[in-house]
There are 2 protein chains.
Amino acid sequence: MRILEVAGPIFAEKGRRETTIRDIVQAAGVNQAAVNYHFRDKDGLYAEVLRLATHTAREQEPAEDAPAEQRLRDLVRTSVERLLGHQRQAWHTRLMLRELEEPSPAFVSLVDEIVGRIMPRVERIVAELNPRLGEEERWLCCHSLMSHCNGMPKAEFFLERSRPGWGERAAEERIRIMTDHISRFCLAAIGGLE
Amino acid sequence: MRILEVAGPIFAEKGRRETTIRDIVQAAGVNQAAVNYHFRDKDGLYAEVLRLATHTAREQEPAEDAPAEQRLRDLVRTSVERLLGHQRQAWHTRLMLRELEEPSPAFVSLVDEIVGRIMPRVERIVAELNPRLGEEERWLCCHSLMSHCNGMPKAEFFLERSRPGWGERAAEERIRIMTDHISRFCLAAIGGLE
DNA sequence: AAGCATTTCAAACGCTAGTTTGAATCGGTG
DNA sequence: CACCGATTCAAACTAGCGTTTGAAATGCTT
């Protein structure tokens with residue numbers, strides 16, 4: 001379906017509310033009524049896009065037998081790349097972050113699946129990095145890590161403002177620096193707690 | 001001006017786009033044309049609200065002679081409280097975070113002022129906590145800290161989902177736990193780097 | 001090829017939200 | 001009190017958006 005393909009990136013870029021059906025059908029080169037015909041209404045299309053995003057966003061599972069440091073770094077790099085890079089699948093993450101700000105009904109029913117897929121992996125990494133952590137503290141560390149991975153690249157706007165010239169560096173370099181920093185920061189934190 | 005007082009919280013809660021002029025004038029108990037008369041148009045009002053928010057958001061400057069650990073904790077607590085608490089001035093922060101997601105033209109011209117007010121203070125804390133850090137690393141740590149303070153409380157939605165029952169605890173307890181964790185996490189990270 | 005369900009289309013409908021308008025009201029000044 | 005600029009108000013205007021509609025086109029089955 002042509003509509004589904006173009007709708008994802010548009011929703012991700014402009015937001016659910018700001019995106020108009022006319023935007024989408026124009027990009028898809030189809031008639032305006034097509035959305036209502038195939039997806040009932042705008043929300044129906046959005047829910048479908050969101051479902052698609054969560055299902056295709058399952059990253060290539062990295063080697064689970066690598067040392068925890070390496071797995072953490074992979075995790076960080078994936079997140080950072082998705083937000084700073086300009087890849088095809090970047091819109092998945094952007095859409096998720098929008099939802100996090102202001103969850104839509106369609107999202108609420110999907111978040112459990114996302115949590116269930118990511119959290120165990122992160123928990124395992126944190127547990128290996130610091131076996132002395134209690135259960136609640138490990139849980140908090142997982143969220144620290146994830147919020148860090150998503151929040152910092154997203155706030156690139158502020159980065160640029162507090163250090164002019166940052167935005168002019170090559171994307172690949174920005175990704176490397178930020179991945180590097182977040183990994184080291186979180187490794188130091190998790191390893192140093194308790 | 002009655003309008004300015006009520007507009008801030010409404011914009012913060014519903015977002016710039018979703019907030020209607022009718023929402024605001026109804027809450028203010030004034031006629032609809034008042035917004036256009038006094039602020040030219042909706043964007044004019046929004047810009048004014050934003051300006052007001054950045055100017056009144058200057059927190060009570062905490063004791064600058066306290067040890068760096070204490071100052072960091074104060075900083076964290078202020079952020080967390082603003083996002084998890086239900087205080088009067090919480091809307092300032094919420095509005096800022098919305099802008100961070102999707103900066104409006106009005107915001108861009110104000111962000112330098114915000115950065116200029118917060119960053120030096122954070123830089124000083126980080127520098128005292130770990131004098132061995134290089135300049136760029138210190139800068140990154142500052143943003144780690146701030147993104148952490150804002151991102152984690154904002155993602156409470158995920159917290160709740162990965163640990164049901166979290167949301168039912170008293171607000172004061174959630175604030176304490178999160179402040180505690182973020183402070184310790186960042187202290188361990190900053191102190192342990194290099 | 002005829003018939004039928006499915007899909008596409010241009011056009012219009014209804015609603016909502018920002019803005020404009022022109023009259024009414026207010027508040028100070030000569 | 002009369003005047004006049006500033007402000008308030010109810011009402012209408014305008015534009016954009018989601019949705020509906022009914023006809024046209026398409027494609028599959030017999």
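Just so you know, these numbers come straight off a predicted model, no measurement behind them. A note on names: the letters A, B, ... follow the listed sequences, proteins ahead of strands, and every chain is numbered from 1.
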State whether a side-chain donor-acceptor pair under 3.5 Å links Thr54(A) with Glu113(A).
no
Using whole Å, report how far CD1 of Ile21(A) lies from P of dC17(D).
10 Å
If you assign Tyr37(A) and Thr20(A) each to the DNA chain D nucleotide with the nearest heavy atom, which residue ends up on the more 5' nucleotide?
Thr20(A)
Grab the CD-P distance between Glu18(B) and dG18(C) for me, whole Å please.
11 Å
Sidechain-backbone polar pair: Asp23(B) side chain, Thr20(B) backbone, donor-acceptor under 3.5 Å:
yes
From CA spacing to verdict: ring-ring contact (aromatic ring centres under 6.0 Å, His included), Phe158(B), His143(A)
CA-CA 8 Å; Phe158(B) 264 117; His143(A) 283 283; 7.2 Å; no
Given atom CG of Asn36(A) and atom P of dT20(D), what is their separation to the nearest angstrom?
6 Å
Of all the heavy-atom pairs spanning Val80(B) and Ile182(B), show the shortest one and how long it is.
CG2-CD1, 4.1 Å
Is Arg16(A) close enough and on-axis enough to Phe11(A), meaning under 6.0 Å and within 45°, for cation-pi?
no
Side-chain N or O of His38(B) versus OP1/OP2 of dA6(D): is the shortest distance under 4.0 Å?
no
So, does the side chain of Arg22(B) form a donor-acceptor pair with the base of dG18(C) at under 3.5 Å?
yes
Between P of dG16(D) and CZ of Arg17(A), the distance in whole Å
17 Å
To the nearest angstrom, the CZ-P distance between Arg16(B) and dG18(C) comes to 12 Å
Are the side chain of Arg163(A) and the backbone of Trp139(B) linked by a donor-acceptor contact shorter than 3.5 Å?
no
Without decimals, in angstroms, what is the distance between Ile10(A) CD1 and dC17(D) C1'?
15 Å
Short side-chain donor-acceptor distance under 3.5 Å, Ser144(A) and His148(B)
yes
Under 6.0 Å from the CD atom of Gln70(B), do we count more than 12 heavy atoms belonging to anything else shown?
yes
For DNA chain D, find the residues of residues 27-34 of chain B with a heavy-atom distance under 4.0 Å and give them by number; none if there aren't any.
Val30(B), Asn31(B), Ala33(B)
Electrostatic pair Arg77(A)-Glu172(A), nearest N-O below 4.0 angstrom:
yes
Whole-Å distance between dT8(D) C1' and Phe39(B) CZ?
14 Å
Roughly, in whole Å, what's the span from CG in Asp43(A) to C1' in dC17(D)?
13 Å
With each end axis built from five pairs of C1' atoms, what bend angle do you get for the helix from dA1(C)-dT30(D) to dG30(C)-dC1(D)? Round to 10°.
10°
